[in-house]
Number of protein chains: 2
Amino acid sequence: MKHEDFHQHSHHNHNDCIDTALETAETLCAEQGQRLTKVRRRALELIWESHRPLGAYQLLAKLAEEGFNSAPPTVYRALDFLLGAGLIHKVESMNAYLGCAHADKAHKGYFLICDECHNVMEFDYQDIHAALIEKAAHQGFELRAETIELTGLCAKCKEKSVGASA
Amino acid sequence: MKHEDFHQHSHHNHNDCIDTALETAETLCAEQGQRLTKVRRRALELIWESHRPLGAYQLLAKLAEEGFNSAPPTVYRALDFLLGAGLIHKVESMNAYLGCAHADKAHKGYFLICDECHNVMEFDYQDIHAALIEKAAHQGFELRAETIELTGLCAKCKEKSVGASA
DNA sequence: GTTTTACTTGTTATATCATAACAAAATTCT
DNA sequence: AGAATTTTGTTATGATATAACAAGTAAAAC
């Protein structure tokens, strides 16, 4: 079962996701001589504990509650570090941050964002990626990063809205 | 020659683009009983006059110079209207706004954004669109909007950087 | 053609997102 | 231990965007 499908079900133990993500983070940072300090680690955990993308100031508030410094640079530094390490993604259309489910493999974060419940699924389609590279190259463009954010109605909310209108 | 290719060349008369865009805007608004008021029209023109995406406050400054009201709601209202009418796009990863080259046909704005010169090309690939719809549907997700923003190096800047390093 | 209605704009205030700049502390290297 | 590097604290400010309500303007109904 893929991680993103997993997230579609309500009963999974999300703690497993968090644990896995944190372990991966530790490993990656160790390998690259990066320091996963307390704030950074806790920030990553808090982002994962939220099932949906977390705003910088929401995260800052949570960190502040736990005794971390409560000024904006604290959270933006942690976010910059985590983004740089590929441990989280920024959802540009929401100004919010999301744990990356595939931090171990270099990849592009493609997102399905539900307009209704604001849950986000990450998906990873090699064929689309390949097609985009090819099409960009066709115009002489060398692709470096992709922001792919699709919004609409997720399966659960679609069911609900059908039920409501019936 | 497609509009986006056109934009890759430095010598084209961009006024033609603006004129066409404005005419299209007039027609579309008339058809839909929408009012393309002075601020809205001028905002659209100014967005087009800039070859690259324009920030809301940059636009506001230009409008203010011309005697329009200089408070933020003025520009955000105009932008909302133009976005709603499909006459412009928002580039989420830049918080900036861009004239839509295909306002007359319903479409998704896919962008190639150059990291170097910040020029943006719009492109419109039906096959990618179809693939995304299909893949979303496969997860029970009903697609409503797509944000596709690809960044990298455009042809011109790639040439330049090769020249520089040689 | 005036009244009613809907829409658009003006105005003030504030919310939200993000970074600059410099000082202090902690960690790592030698 | 001392020097170099990185990380964190702190203050201030910049950049992006919206809420709320009043005033004006155009369109529709009568």
Side-chain angles (χ1 to χ4, degrees), chain A residues 25-26 29-44 46-47 50 52-85 87-98 118 147 149, chain B residues 25-26 29-44 46-47 50 52-85 87-98 118 147 149:
Chain A
E26 301 273 16
C29 290
E31 278 172 14
Q32 295 164 24
Q34 298 277 59
R35 288 161 55 193
L36 191 63
T37 60
K38 278 189 188 173
V39 222
R40 292 169 177 176
R41 204 193 134 88
R42 190 60 189 136
L44 180 57
L46 287 167
I47 288 171
S50 159
R52 58 208 66 189
L54 202 57
Y57 279 70
Q58 291 175 274
L59 176 56
L60 182 59
K62 286 174 194 274
L63 287 170
E65 275 177 24
E66 302 183 6
F68 290 98
N69 183 17
S70 67
T74 299
V75 77
Y76 282 104
R77 283 169 181 155
L79 289 170
D80 282 349
F81 174 86
L82 297 170
L83 285 168
L87 297 169
I88 60 172
H89 293 293
K90 178 174 185 182
V91 182
E92 294 287 351
S93 55
M94 300 177 77
N95 292 318
Y97 304 83
L98 186 68
H118 303 104
T147 300
E149 301 175 5
Chain B
E26 301 274 14
C29 288
E31 278 172 15
Q32 296 165 24
Q34 298 277 58
R35 290 161 55 193
L36 190 62
T37 60
K38 279 188 188 174
V39 222
R40 291 168 178 176
R41 206 192 131 86
R42 190 60 188 136
L44 180 58
L46 287 167
I47 288 170
S50 158
R52 56 209 67 189
L54 202 57
Y57 280 72
Q58 291 174 273
L59 176 55
L60 182 58
K62 286 174 194 275
L63 287 171
E65 273 177 27
E66 303 184 4
F68 290 98
N69 183 18
S70 67
T74 298
V75 77
Y76 282 104
R77 282 169 183 155
L79 290 171
D80 282 350
F81 175 86
L82 297 171
L83 285 168
L87 298 169
I88 60 171
H89 294 293
K90 178 175 186 183
V91 182
E92 295 286 352
S93 55
M94 300 176 76
N95 292 320
Y97 304 84
L98 186 68
H118 302 104
T147 299
E149 302 175 4

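The sequence lines fix the lettering, A, B, ..., with proteins before strands; numbering per chain opens at 1.
- Taking 4.5 Å as the limit, every side-chain heavy atom of Arg52(B) sits out of range of all side-chain heavy atoms of Leu98(B).
- Atom CG in Leu60(A) sits roughly 14 Å away from atom P in dT19(C) (whole-Å rounding).
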- Item | Contact state string [nucleotides 17-30 of chain D, B base, S sugar-phosphate only, - no protein heavy atom under 4.0 Å] | BBBB-----S----
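- Inter-residue side-chain proximity for Asn69(B) and Val39(B) is flagged as unmet; no heavy-atom pair is nearer than 4.5 Å.
- Atoms CG (Leu59(A)) and P (dA18(C)) sit 12 Å apart, rounded to a whole Å.
- Residue Phe68(A) contributes atom CZ, which lies 12 Å from atom C1' of dT8(D) at whole-angstrom precision.
- Summary for the helix from dG1(C)-dC30(D) to dT30(C)-dA1(D): the axes at its two ends, each from 5 pairs, differ by 30° when rounded to the nearest 10 degrees.
- Of the inter-residue distances, the one linking Lys62(B) atom NZ with Ile47(B) atom CD1 reads 11.0 Å to the nearest 0.5 angstrom.
- A heavy-atom distance below 4.5 Å is found between the side chains of Phe81(B) and Gln34(B).
- Every residue was checked against the side chain to side chain donor-acceptor pair (under 3.5 Å) condition with Asp80(B), not counting sequence neighbours, and none meets it.
- In this structure, the CZ atom of Arg40(B) is 6 Å from the C1' atom of dT8(C), given to the nearest Å.
- Met94(A) has its CE atom 13 Å from the P atom of dA18(C), to the nearest Å.
- Residue Leu60(B) holds its CG atom at 10.5 Å from CD of Glu65(B), rounded to the nearest 0.5 Å.
- The CG atom of Leu63(B) sits 15 Å away from the C1' atom of dT8(C) (whole-angstrom rounding).
- Residue Asn69(B) places none of its side-chain N or O atoms closer than 4.0 Å to OP1 or OP2 of dT9(C).
- Contact annotation: the side chain of Tyr97(B) approaches that of Leu83(B) to within less than 4.5 Å [non-hydrogen atoms, C-beta and beyond].
- Annotation: side chain of Cys29(B) is in contact with side chain of Leu87(B) (closest heavy-atom distance under 4.5 Å).
- No donor-acceptor pair closer than 3.5 Å links the side chain of Glu149(A) to the backbone N or O of Val91(A).
- Following rounding to the nearest Å, Arg41(A) (CZ) and dT8(D) (P) show an atom-to-atom distance of 14 Å.
- Rounded to a whole Å, the CG atom of Leu54(B) is 14 Å from the C1' atom of dA15(D).
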